[in-house]
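Reminder, nothing fancy here: chain letters follow the sequence lines and each chain counts from 1.
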Amino acid sequence: MRIEHKHVLIAEDDKFLAGVVGKFLSAQGLQVTIAHDGREAVEIMEKTLPHLLLLDILLPVLDGHGVLKILQGKKIDCPVIVMSNLSDKLVQKKCKDMQVKAYFVKSDLDEATLLPAIKKFLR
Amino acid sequence: MAKKTEDVRRKLAITAKKLRIKAAELAVTAREKENVRRKLVVTAAKLHRKAKELAVTAREKENVRRKLVVTAAKLHRKAKELAVTAREKEDVRRKLVVTAKKLKVSRETLEKKILERTKDLDQSRVKCEAILASIGDGIVVADKEGKITYVNKTFEDMVGWKTKNVLGKYMVEVVPREDEKGEVVLLKERILSQVLSGERVIADVTQPFYYIRKNKSRFPASSIVTPILLSGEIIGIVETFRDITKEKNIDKAKTEFVSLASHQLRTPLTSIRWALASLKRDRLPDEQNYVVSGAHEAAAQMAATINKMLMISRIEMGGIDQKRTHVSLQTVIGKVVRLFDGDRERHALELAVECPRQLRARVDEQLLIEILSNLLNNAYNYTPKGGKVTIRAAQEDEMIRIDVTDTGYGIPQAEQGRIAEKFFRASNVASREEAGTGIGLYMVYNIARLIGGTISFVSEENKGTTFTLLFPS
């Protein structure tokens with residue numbers, strides 16, 4: 001699939017990390033928007049539906065679970081990949097139950113794993 | 001002459017007269033004598049008769065006498081015998097008297113002793129009961145049918161049931177077991193039969209369950225159920241159990257701490273990894289690229305270490321839920337091999353995999369991958385350049401056997417017993433540049449146990465090592 005100009009929203013409160021990941025994805029030709037908390041992510045999604053959401057779980061204002069719940073409630077249909085440093089199996093299961101396509105532990109994740117996953121699940 | 005004649009005649013006459021008197025006297029005497037004689041004859045006849053009678057009587061008497069003699073003899077013998085018997089009896093009596101005296105003494109001693117012992121026993125029984133009652137763990141004793149025969153005070157306090165309400169009832173009726181989700185554990189019967197067959201069944205913090213009190217509230221418990229042996233025969237079971245609310249809370253706190261700590265460690269690490277990866281992409285000059293690559297690799301290793309520590313923490317707390325599926329061994333080995341292809345190339349090692357295509361097992365794939373990853377990673381890290389690593393998988397009866405063989409540094413003979421210890425690193429590799437934490441094999445041994453398998457190895461220094469995983473297919 002061609003990924004140029006596809007829109008990816010990164011919901012990540014670590015501005016430095018969000019920037020580094022955003023820079024990498026931009027370099028691959030993707031259009032990247034960054035939200036620094038859950039509420040902001042939902043607002044952006046309501047305005048312009050991205051082709052994919054890269055979602056952290058521990059976010060200020062509204063956490064990742066909350067974001068997923070609102071998206072489900074508002075029937076906003078967007079593929080979600082979770083990138084979190086929580087490796088707890090229960091958290092992972094909770095996300096998978098909320099239609100999350102893939103769950104990655106951030107510190108174990110590298111570009112070579114993330115990019116194919118994004119390509120695979122882009123709307 | 002005449003005169004003379006006359007004298008003679010007179011004399012004669014006198015004489016004749018005298019004679020006549022004499023004759024008359026004689027006649028009288030004769031008559032008297034005749035009378036006497038007759039009387040004598042009569043008397044004689046009488047006497048004769050009498051004699052005859054006496055003779056008869058005498059004979060009879062003689063007979064009687066003889067009989068009496070015989071009887072007397074008999075009686076004499078009898079008397080003698082009786083005398084003997086009497087003597088014997090007397091002996092016996094005397095002995096009996098002595099014995100009786102002795103018995104009396106011993107009886108008194110015995111009574112005294114029994115009294116003392118009873119007192120002792122009473123005391124020790126009271127003591128035992130006091131000890132049982134005071135034990136901080138709940139105790140419940142059941143007979144072979146599983147019916148309760150004794151509960152202690154702690155049991156009463158913990159579950160709220162009084163002794164009189166539970167005796168003769170089944171433990172499972174009185175205090176049901178349920179799991180985390182509140183589902184009743186129906187294993188109780190199985191535990192009973194297991195224990196009655198001589199086993200000891202332990203449910204501790206790693207297999208938590210809950211006991212339900214009389215008031216329907218519940219508490220997490222750990223228990224040990226043991227058979228009661230009397231002269232080698234199992235007569236029932238005894239269960240001791242504890243309220244492990246505190247331990248559970250500590251466990252929960254530990255889990256929370258570990259997951260928080262690992263999250264806090266991961267967050268900066270993620271930034272470091274991604275930043276270094278971004279630098280690597282920028283086609284830096286060789287020297288800088290070498291430094292950045294090294295740092296990037298170290299960051300990846302640190303991430304792996306955090307994962308291992310989390311895994312160990314979960315294993316030690318019994319928090320691993322296994323997901324058993326049918327997996328192809330060839331596929332699993334392929335995945336593991338690909339994970340470390342970079343390392344293999346960097347170490348210039350040759351790899352051979354021998355695995356039948358149809359070989360399958362029902363096992364938690366992630367746990368199997370974890371074991372094999374560690375074994376393969378070790379083989380790569382501890383084999384000098386140009387060496388060879390072989391992975392061999394095969395079915396052995398009901399088991400799957402996987403050998404990971406290298407031609408590496410080996411494990412010194414003297415240290416082979418310590419290989420499964422946490423944080424242990426063999427002296428011949430600890431100083432080498434290969435980074436190692438000493439938790440990999442500790443984890444491997446523990447995960448192998450989790451999947452019902454075993455780890456063994458043979459190793460010779462500077463020749464190589466073969467680690468063998470054996471687990472049920």
Side-chain angles (χ1 to χ4, degrees), chain A residues 8 10-30 32 34 36-37 54-60 63-65 81-97 102-118, chain B residues 180-181 252 255-283 293 296-315 317 319-323 335 338-339 341-342 364 366-367 369-370 373:
Chain A
V8 173
I10 302 175
E12 168 65 66
D13 60 327
D14 184 334
K15 287 181 184 160
F16 175 75
L17 181 64
V20 175
V21 175
K23 191 182 149 202
F24 165 67
L25 296 181
S26 299
Q28 309 306 312
L30 287 159
V32 176
I34 293 171
H36 293 301
D37 64 61
L54 273 182
L55 179 66
D56 192 7
I57 293 296
L58 295 182
L59 288 169
D63 72 3
H65 296 303
I81 292 176
V82 168
M83 280 174 59
S84 166
N85 271 326
L86 296 175
S87 61
D88 192 74
K89 291 272 186 284
L90 279 174
V91 176
Q92 298 195 26
K93 192 180 176 296
K94 207 169 155 188
C95 289
K96 291 274 168 68
D97 291 346
Y103 189 110
F104 293 115
V105 173
K106 278 192 281 191
S107 62
D108 296 340
L109 184 64
D110 54 24
E111 300 162 349
T113 311
L114 179 62
L115 195 59
I118 290 177
Chain B
E180 198 90 34
K181 291 167 199 143
K252 207 175 148 214
T255 309
E256 278 167 8
F257 171 76
V258 169
S259 81
L260 183 75
S262 55
H263 180 265
Q264 300 302 72
L265 289 171
R266 275 171 173 156
T267 301
L269 191 60
T270 311
S271 293
I272 295 169
R273 270 190 89 168
W274 280 85
L276 292 168
S278 144
L279 279 176
K280 267 174 82 181
R281 251 193 343 268
D282 287 345
R283 301 192 200 294
S293 296
H296 186 246
E297 219 171 273
Q301 202 161 30
M302 191 171 163
T305 304
I306 291 171
N307 290 340
K308 277 182 187 166
M309 289 176 74
L310 261 179
M311 183 91 163
I312 283 177
S313 165
R314 278 212 295 271
I315 291 171
M317 284 189 280
I320 301 254
D321 286 329
Q322 295 191 49
K323 266 183 239 135
K335 281 185 191 172
R338 273 194 299 283
L339 277 176
D341 254 347
D364 185 306
Q366 278 314 310
L367 293 181
I369 286 177
E370 201 63 53
S373 295

Out of curiosity, [X] [atom1] to [Y] [atom2], how far, rounded to the nearest 0.5 Å?
| X | Y | atom1 | atom2 | value |
| --- | --- | --- | --- | --- |
| S107(A) | N307(B) | OG | CG | 6.0 Å |
| Q366(B) | K323(B) | CD | NZ | 8.0 Å |
| L17(A) | I10(A) | CG | CD1 | 8.5 Å |
| K280(B) | L276(B) | NZ | CG | 8.5 Å |
| D108(A) | I306(B) | CG | CD1 | 8.5 Å |

Answer with side chain, backbone, both or neither: which region of [X] has an atom nearer than 4.5 Å to a non-hydrogen atom of chain B?
| X | value |
| --- | --- |
| L58(A) | side chain |
| F24(A) | both |
| I57(A) | neither |

| query | Which residue out of S262(B), A304(B), A299(B), A277(B) racks up the most heavy-atom pairs below 4.5 Å with chain A? | reply | A277(B)
| message | Does any backbone or side-chain atom of A300(B) lie under 4.5 Å from a heavy atom of chain A? Answer side chain, backbone, both or neither. | response | neither
| What residue in K106(A), K23(A), E111(A) has the most heavy-atom pairs under 4.5 Å with chain B? | E111(A)
